[in-house]
Amino acid sequence: MAWLLAAAAALCFVLAVTLQVGTPVVLLLLLLALGLLGGSAVALLRSRMAAQARDETQMIDAAELRRLREQAEARRRDGVA
């Protein structure tokens, strides 16, 4: 999806440069190209962040964390004594 928006932005820029139209149309095309390029960047960042997101099922809950702390404390006590 991000690449489609980037291609549309490039098309708007090319149309703004090559068409023989008035200044308001050129400005509109350039603003549209800027908006599409920004949308493309946001979509690309969003997809990369989603790909690197942690799976919630692999996260440690509070009970598991407490159990791990108790085990570590027991190992320390056994090692010190």
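This is a predicted model, so every value here is computed, not measured. For this chain, numbers begin at 1 and follow the sequence in order.
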Could you pull out all donor-acceptor pairs under 3.5 Å where a side-chain atom in residues 14-40 meets a protein atom, sequence neighbours excluded?
{"unit_1": "T18", "atom_1": "OG1", "unit_2": "V14", "atom_2": "O", "d": "2.8"}
{"unit_1": "S40", "atom_1": "OG", "unit_2": "A2", "atom_2": "O", "d": "2.8"}

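- The hydrophobic cluster around V42 extends to none of the other residues, as no ILVMFWY side-chain heavy atom falls under 4.5 Å of it.
- Evaluation of the salt bridge (Lys or Arg N to Asp or Glu O under 4.0 Å) rule for E70 yields no partner, not counting sequence neighbours.
- Legend: residues meeting side chain to side chain contact (heavy atoms under 4.5 Å, CB included) with E64, ordered by chain and number and at least two apart, are I60, D61, R67, L68.
- Every residue was checked against the salt bridge (Lys or Arg N to Asp or Glu O under 4.0 Å) condition with R46, not counting sequence neighbours, and none meets it.
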